[in-house]
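What follows is one structure encoded as structure tokens, with my remarks underneath.
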Amino acid sequence: MTSDIANLPTKYEARETENAIYKFWEDNSFFKADNNSKKPPYSIVIPPPNVTGILHMGHALDETLQDVLTRYHRMKGYEALWLPGCDHAGIATQNVVEKQLAKEGKNRHELGRQKFLEITWDWANKHKDRILEQCKLLGASFDLSRKRFTLDEGCSKAVKKVFVDLYNKGLIYKGSYIVNWCPRCQSAISDIETEYETEEGNLWEISYPLKDEMGAIVIATTRPETMFGDVAVAVNPNDFKYKDLIGKKCVIPLTGREIPIIADEYVDKSFGTGALKITPAHDPNDFEVGRRHNLPFIKVIDEQGKMIARQEVHPELHGKDRYDARERTIRMLKAHEVLVRITPHEHNVGKCQRCNTTIEPLLSEQWFVKMEPLAKPAIEAVKNGSIEFVPKRWEKNYLMWMENIRDWCISRQLWWGHQIPAYYHKKTGEMVVSTENPDPENYTQDTDVLDTWFSSGLWPFSTMGWPDTDSADFKKFYPTTTLVTGFDIIFFWVARMITMGLEFTGKPPFSTVYIHGLIRDENGQKMSKSKGNTIDPVEIIEKYGCDALRFTLASLCTYGGQDIKLSDERFEYGRNFANKIWNASRFVLMNLTKSADELNLDLSSLSNADKWILNELNNTIKLVNENIQNYRIGEVASILYDFFWNSYCDWYVELSKIEKNEAVLVCVLDKFLKLLHPIMPHITEKIWQLIPENKDAKAIMLSDFPEYDARLEFKEAKEQIEALFEAVRSLRNIRSEFNVIPGAKINIQIVGGEKLFKGVVEYLKRLAKVENIEFLASAPSDSQAASVVVGDVKIIVPLKGVINVEEEIARQNKKLQKLEAELKSLEGRMNNQKFVSSAPADVVSATKTRIEEIKLAAGKINELISNFR
RNA sequence: GGGCGUUUAGCUCAGUUGGUAGAGCGCCUCCCUUACAAGGAGGAUGUCGGGAGUUCGAGCCUCUCAACGCCCACCA
């Protein structure tokens with residue numbers, strides 16, 4: 001055994017280990033959750049990645065955090081389920097398949113719905129597993145036996161039931177409204193799928209002549225081509241400029257159609273000319289005005305973004321694209337001398353989130369979910385704490401959106417998705433909303449499909465067997481525990497899951513929403529393929545290892561959930577740590593002399609060094625548990641890094657080279673590996689299995705997570721060992737500053753420190769390269785020596801011929817000055833009556849203690865200095 | 001227009017109830033010391049964005065100003 005370990009490479013081969021370890025877990029079905037278990041449940045559902053997607057850094061972060069939580073709770077004794085799956089991604093997938101068809105010179109309309117769906121299903125089936133396979137490279141301990149797809153049978157059943165129930169409750173309705181229409185996707189999209197971009201445009205002022213009298217009213221618009229759909233000109237009722245015109249009529253230039261001049265509070269007197277043309281079929285605000293005033297809706301732009309050939313539209317524009325039509329309209333207006341003024345104007349233009357095409361607000365028949373009644377309990381659940389956001393600030397964001405919620409347009413004019421379960425009688429047109437077609441002979445199904453987010457909104461329960469509420473998974477694992485995601489989909493996804501979960505299961509779908517930051521490039525830019533600034537997690541894994549990737553990402557997760565700026569080199573941090581763990585473990589394990597059953601920890605025979613490291617370990621255990629439970633994953637990473645590197649390797653392993661307690665050495669390593677396992681699962685599994693005591697155990701991932709143990713608090717030993725470290729550091733500093741040859745030994749005199757240092761003489765000798773130690777009661781005078789004060793102990797290093805007296809005095813003075821500055825400030829504090837009376841007692845006493853310490857040390861330094869004189 | 005975030009060492013960032021600052025990288029000096037050069041030892045570096053206030057005491061709380069970033073709203 002030990003010889004095997006000695007033969008292990010000094011450079012940790014991450015990929016080799018990781019592949020083997022992952023296979024080991026998978027082959028043993030360790031990720032499979034048991035819905036029959038007596039253990040308390042802990043469950044997470046994955047934010048289903050798009051079926052079109054390939055793994056990016058955002059996923060890597062998201063999945064890492066979910067895996068950390070899952071593994072932690074599994075070790076803590078929970079029945080842990082992390083449920084994986086994919087989203088059918090309506091528009092994204094259809095776009096991909098259509099592009100592919102276009103290459104072959106085909107389009108979906110030629111193929112027909114049936115054939116197109118077959119092709120798309122083939123494509124989806126081929127790609128569905130790709131991203132989850134990639135997640136395996138991340139070490140994901142999700143339960144693939146429960147893998148789901150938003151378009152699978154179970155999810156589809158849930159979707160139909162939810163739709164029909166909401167319809168029957170009057171919470172889904174169909175109607176003609178202004179929607180965001182994407183002329184490229186050929187579909188309506190929801191408000192939150194519309195992103196606004198600032199564009200340089202113009203404000204065109206156009207003169208609309210009054211009817212039957214002299215004069216005109218000048219309106220301002222950014223979209224002159226929509227003038228053919230105007231049904232009124234509106235002014236503010238309190239605008240004295242236009243007071244006399246209200247109720248009169250004016251004439252649309254170029255076509256001569258007469259429209260009324262109306263008054264509406266919506267109009268801003270100070271903007272443009274204060275007169276606004278009303279085009280209810282092509283502007284959401286005008287739509288509202290139109291409804292208020294019972295105006296007709298005249299649609300002049302079609303679903304392709306082209307001008308409709310109808311009598312209201314000037315014949316020259318029939319069939320012209322909206323932008324071409326704008327140019328032509330302007331030319332005609334100029335020719336007719338009704339274009340009064342053109343002012344450059346910056347304004348926001350809505351773009352399709354998927355394809356960045358400028359959306360066209362369009363009057364169209366769509367399905368909507370009435371959100372307000374659904375939002376109410378969803379607001380309440382967050383306000384009363386049944387659902388908690390981490391960090392807390394996102395609650396405000398969520399609440400503000402929910403409190404101003406607008407109805408959700410859920411129909412999409414696509415083919416890929418859940419077809420809306422509404423059926424129309426072929427002859428009468430009568431509509432039936434039902435999970436099944438009432439009579440396929442005579443009824444045809446609505447051709448629209450549902451917004452992708454409609455099905456992902458059901459994800460936490462549709463994946464658990466719902467609507468079968470007796471299903472074992474639903475009973476055991478719903479509601480889920482934690483939801484982990486980025487803030488960018490709080491509205492799209494989190495809010496919808498909460499509303500739907502509460503409405504259909506009566507329970508919040510999860511109790512905590514853990515929101516992490518977004519991954520950005522080193523300049524803080526969003527990573528995107530088009531910018532070419534992406535870092536591919538698969539490449540990073542190949543280069544640095546999966547555990548290195550995970551550890552680096554985890555360490556960058558701050559409590560505030562800040563965005564994470566990444567560059568390739570940052571992963572060296574995790575890789576170096578993995579390598580350090582590897583080598584320290586190798587060293588410890590290959591030098592074991594005892595057999596497994598001799599390695600039991602005996603608390604009655606511990607040296608101070610042993611007590612010190614156990615004390616540090618115990619403290620680390622406490623901090624790790626606390627921090628992980630508070631979602632402070634970055635803190636956990638740095639606590640473990642610090643403990644292992646600085647306490648265990650730099651000190652305890654070094655001490656063990658002088659005198660070792662193999663049981664402690666191994667016990668601490670074993671516990672540390674468990675603490676780290678959730679973040680770095682592979683290397684910890686690998687090494688843990690090399691520990692002789694664990695040879696019959698199954699796996700670290702199934703072991704118990706370490707718990708704080710009051711028996712391992714050793715305050716005195718800690719003080720003594722830390723004094724040793726302080727002395728060693730000081731002696732090394734002296735060696736370095738006085739250029740003592742690295743290999744040369746020094747002699748030292750310790751004054752008044754027998755009690756503190758007698759027991760650690762060997763350590764002192766080895767760690768500071770000391771030949772002889774002489775314990776003295778008082779310091780010898782006028783020695784040519786460098787010295788240091790540790791607590792109330794003086795350590796003197798005679799350096800005849802090496803020492804420059806002036807330099808040493810200067811060195812000591814510098815230390816003295818530092819102490820005196822601190823002393824002055826502390827004494828100032830103590831002399832302040834208000835501080836003494838109002839500061840907490842422990843702060844006051846700590847200040848007193850510190851003052852005594854400083855005085856003591858300063859006194860010793862002064863003695864040292866006077867020895868030179 | 002409303003909301004949120006950021007501003008701390010040369011760089012990237014930590015810093016949980018207020019008790020006078022930390023890490024990694026980089027930098028300087030030295031070292032292949034019986035695990036690790038992806039390493040070891042030692043070292044330098046900060047009026048914590050500006051200003052005001054509360055407090056015995058402020059990187060942290062309040063106000064204000066500035067710069068940058070994000071989200072929501074969408075005045076044509």
Side-chain angles (χ1 to χ4, degrees), chain A residues 6 8 10-12 192 194 196 203-204 219-223 226 234 266-268 270-273 275-279 283-286 345 347-350 393-394 396-397 400-401 404 487-488 490-491 517-518 520 522 524 544 548 552 555-556 558-567 569-570 572-573 575-591 626-627 630 632 634-635 638 641-642 649-650 653-654 657 728-729 732-737 739 741-743 766-767 769 822 825-826 828-840 842-844 846-847:
Chain A
L8 292 171
T10 58
K11 285 234 157 50
Y12 173 54
I192 52 175
T194 309
Y196 288 89
L203 197 58
W204 318 86
I219 57 90
T221 180
T222 54
R223 299 197 59 195
T226 62
Y266 163 72
V267 182
D268 179 351
S270 60
F271 188 89
T273 62
L276 170 63
K277 68 189 214 47
I278 301 297
T279 323
D283 181 281
N285 293 307
D286 292 8
H345 179 66
H347 60 135
N348 290 332
V349 178
R393 67 187 154 96
W394 292 110
K396 192 168 183 177
N397 192 262
M400 274 194 342
W401 191 71
N404 298 295
F487 59 78
D488 51 335
I490 291 177
F491 303 150
L518 264 35
R520 299 181 178 278
E522 51 198 318
Y544 298 100
T552 300
S555 76
L556 295 173
T558 64
Y559 181 57
Q562 300 304 328
D563 287 353
I564 295 169
K565 283 197 238 177
L566 278 184
S567 63
E569 304 81 58
R570 299 201 80 159
E572 288 174 9
Y573 179 66
R575 180 205 51 187
N576 292 357
F577 189 43
N579 196 237
K580 186 74 178 176
I581 295 166
W582 178 249
N583 280 301
S585 304
R586 265 179 61 240
F587 177 73
V588 167
L589 296 177
M590 74 188 177
N591 287 309
E626 280 169 10
N627 281 289
N630 290 316
R632 307 175 73 122
E635 194 70 9
S638 75
Y641 184 93
D642 180 64
C649 294
D650 288 351
V653 172
E654 288 306 312
K657 289 176 182 172
V728 169
R729 270 191 292 261
R732 284 170 175 171
N733 174 259
I734 286 172
R735 296 180 64 104
S736 168
E737 286 199 27
N739 297 315
I741 298 164
R766 288 280 291 272
L767 295 174
K769 292 193 182 118
E822 197 186 341
S825 132
L826 292 175
R829 211 186 279 182
M830 287 306 293
N831 290 335
N832 185 330
Q833 267 313 307
K834 283 193 173 170
F835 171 72
V836 180
S837 59
S838 50
D842 60 321
V843 173
V844 176
T847 309

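Letters A, B, ... mirror the listed sequences (proteins, then strands); counts begin at 1.
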Whole-Å distance separating the [atom1] atom of [X] from the [atom2] atom of [N]:
X      : N      : atom1 : atom2 : result
A/D488 : B/rC4  : CG    : C1'   : 15 Å
A/N733 : B/rG43 : CG    : P     : 5 Å
A/D563 : B/rU7  : CG    : C1'   : 15 Å
A/F487 : B/rG3  : CZ    : C1'   : 14 Å
A/E572 : B/rC11 : CD    : P     : 20 Å
A/N397 : B/rA73 : CG    : C1'   : 13 Å
A/Y196 : B/rC72 : OH    : C1'   : 11 Å
A/L518 : B/rC70 : CG    : C1'   : 10 Å

Without swapping roles, check the side chain of [X] against the backbone of [Y] for a donor-acceptor pair under 3.5 Å.
X      : Y      : answer
A/N630 : A/R632 : no
A/R393 : A/G560 : yes
A/T847 : A/V843 : yes
A/K769 : A/P742 : yes

Can you tell me, in whole Å, how much space there is between the [atom1] of [N] and that of [M]?
N      : M      : atom1 : value
B/rG40 : B/rU45 : C1'   : 22 Å
B/rA35 : B/rU16 : C1'   : 37 Å
B/rU62 : B/rC4  : P     : 12 Å
B/rC28 : B/rC70 : C1'   : 40 Å
B/rA44 : B/rG57 : P     : 31 Å
B/rG5  : B/rA76 : P     : 29 Å
B/rA58 : B/rG19 : P     : 11 Å
B/rU6  : B/rG49 : P     : 12 Å

Give [X] one of three labels, base, sugar-phosphate or nothing, depending on what nucleic acid heavy atoms sit under 4.0 Å from its own.
X      : result
A/R829 : base
A/E737 : nothing
A/R766 : base
A/N832 : sugar-phosphate
A/P284 : nothing
A/T221 : sugar-phosphate

Between [options], which nucleotide gets closest to the side-chain atoms of [X]?
X      : options                : answer
A/R570 : B/rG42, B/rC56, B/rU12 : B/rU12
A/L276 : B/rA76, B/rC56, B/rC74 : B/rA76
A/F491 : B/rC71, B/rU12, B/rA76 : B/rC71
A/P742 : B/rC72, B/rG42, B/rC30 : B/rC30

Within the structure, does a side-chain N or O atom of [X] lie under 4.0 Å from either OP1 or OP2 of [N]?
X      : N      : answer
A/T558 : B/rA14 : yes
A/K396 : B/rC4  : yes
A/Q833 : B/rC56 : no

Q: Map A/F587 and A/V267 onto RNA chain B by nearest heavy atom, then report which one ends up closer to the 5' terminus.
A: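 On the 5' side of the pair lies A/F587.
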Q. Starting at the 5' end of RNA chain B and moving along, which residue's nearest nucleotide shows up first, A/H347 or A/Y573?
A.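 This one resolves to A/Y573.
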Q | Runs of at least three consecutive pairs that involve RNA chain B, where pairs are Watson-Crick or G-U with distances under 3.5 Å | A | B:1-7 with B:66-72, B:10-13 with B:22-25, B:27-31 with B:39-43, B:49-53 with B:61-65
Q. Side chain to side chain contact (heavy atoms under 4.5 Å, CB included) with A/N733: which of A/E737, A/R729, A/R735?
A. A/E737
(Q) When you measure from the centre of the six-membered ring of A/Y641, is the NZ or CZ of A/K580 closer than 6.0 Å and no more than 45° off the axis? (A) no
**Q.** Verdict with reasoning, A/N397 to A/F491, per side-chain contact (heavy atoms from CB on, under 4.5 Å)
**A.** CA-CA 9 Å; A/N397 192 262; A/F491 303 150; 3.3 Å; yes
Q: Would you sort out whether A/N583 and A/R586 count as a side chain to side chain donor-acceptor pair (under 3.5 Å), showing the intermediate values?
A: CA-CA 5 Å; A/N583 280 301; A/R586 265 179 61 240; 2.4 Å; yes
Q) Nearest 0.5 Å, what's the CG-CG distance between A/N831 and A/L826? A) 11.0 Å
**Q.** Pairwise side-chain contact, A/N627 with A/Y559, heavy-atom cut-off 4.5 Å (strictly under)
**A.** no
Q.
How about CZ on A/F835, more than 12 heavy atoms from neighbouring residues, nucleotides or ligands closer than 6.0 Å, or not?
A.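 Atom CZ in A/F835 is packed in, count exceeds 12.
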Find every protein N or O atom lying less than 3.5 Å from an N or O atom of nucleotides 36-39 of chain B, and list the pairs.
from	atom 1	to	atom 2	distance (Å)
B/rC36	O4'	A/N583	OD1	3.4
B/rC36	O4'	A/N583	ND2	3.4
B/rC36	O2'	A/N579	OD1	3.3
B/rC36	O2'	A/N583	ND2	3.3
B/rC36	O2	A/K580	NZ	2.9
B/rC36	N3	A/K580	NZ	2.9
B/rA38	O4'	A/N576	OD1	3.2
B/rA38	O2'	A/N579	OD1	3.2
B/rA38	N3	A/R575	NE	3.2
B/rG39	OP1	A/N576	ND2	3.3
B/rG39	O3'	A/K580	NZ	3.1

Q.
side-chain contact (heavy atoms from CB on, under 4.5 Å) for A/L203 and A/T222? Distances and angles first, verdict last.
A. CA-CA 5 Å; A/L203 197 58; A/T222 54; 3.8 Å; yes
